[in-house]
Amino acid sequence: CVPQCMPWATRQVKVVMKSKDRTVGQNILDFTILDYLSIPQPRSSHPEAALTSMLEGHNHQLDPSRTAGPTSEERTAFMKQTLMRASAVDPEKVESIDWWCGKISAEGKCLRTDDSSKRTRRRASLD
């Protein structure tokens with residue numbers, strides 16, 4: 001695949017930071033995950049991998065076909081430059097990642113994450 005980091009994919013998420021006193025009004029920060037497709041599937045089960053290439057905030061101009069030139073070398077240079085702006089977020093300071101930016105209920109999040117301690121036992125039959 002040329003360039004090697006193609007396809008380029010990003011994902012906007014909200015990161016819930018741990019609070020010292022465990023209050024409800026937690027500190028929630030906007031981040032964009034760079035090179036989202038490099039995270040092993042299912043991606044919501046690998047938050048540590050997601051926290052390694054984060055760009056603070058949302059609404060960045062990250063489409064290399066719109067901001068860089070038409071050649072693959074220019075797109076590759078754009079992606080490498082953008083990845084250099086990324087930073088890792090300390091997993092010890094993170095409570096959770098809201099992969100859906102508040103657009104899904106707490107029950108829906110439990111079904112889509114790999115936290116079996118919070119998941120109810122589901123059966124296909126009603127007995």
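Computed over heavy atoms, backbone and side chain alike; hydrogens, waters and symmetry mates excluded.
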**OP:** For A49, check side-chain contact (heavy atoms from CB on, under 4.5 Å) against everything at least two apart and list the hits.
**Re:**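 If we apply the side-chain contact (heavy atoms from CB on, under 4.5 Å) test to A49, skipping adjacent residues, the hits are I39, P40, H46.
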**OP:** Check whether any side-chain heavy atom of M54 lies under 4.5 Å from a side-chain heavy atom of T32, and answer yes or no.
**Re:**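 M54 vs T32: side chains apart.
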**OP:** Would you please test T10 and I33 for side chain to side chain contact (heavy atoms under 4.5 Å, CB included) and show each step?
**Re:** CA-CA 5 Å; T10 62; I33 301 172; over 6 Å; no
Original post:
Who pairs with R43 by side-chain hydrogen bond (donor to acceptor under 3.5 Å, both in side chains), at least two apart in sequence or on another chain?
Top reply: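 R43 satisfies side-chain hydrogen bond (donor to acceptor under 3.5 Å, both in side chains) with no residue once adjacent residues are dropped.
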**OP:** Just jot down the side-chain hydrogen bond (donor to acceptor under 3.5 Å, both in side chains) partners of K14, sequence neighbours excluded, or say none.
**Re:**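 With neighbours one apart ignored, the set is D30.
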Show the nearest heavy-atom pair for residues [X] and [Y], with the distance to one decimal.
X: P47; Y: S44; result: CD-O, 4.0 Å
X: P91; Y: L51; result: CA-CD1, 3.9 Å
X: G102; Y: D98; result: N-OD2, 2.6 Å
X: V94; Y: K18; result: O-CE, 3.4 Å

Between the side chain of [X] and the main-chain N/O of [Y], is any donor-acceptor distance below 3.5 Å?
X: R11; Y: W99; value: yes
X: H58; Y: F31; value: yes
X: S53; Y: L34; value: yes

**OP:** Using the side chain to side chain contact (heavy atoms under 4.5 Å, CB included) rule, take I97 and V16 through it: C-alpha gap first, then chi angles, then the decisive distance, then the call.
**Re:** CA-CA 6 Å; I97 297 176; V16 180; over 6 Å; no
Original post:
Going from CG on L83 to CD on Q81, what distance comes out if it is rounded to the nearest 0.5 angstrom?
Top reply: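 L83 CG to Q81 CD: 10.5 Å, rounded to 0.5 Å.
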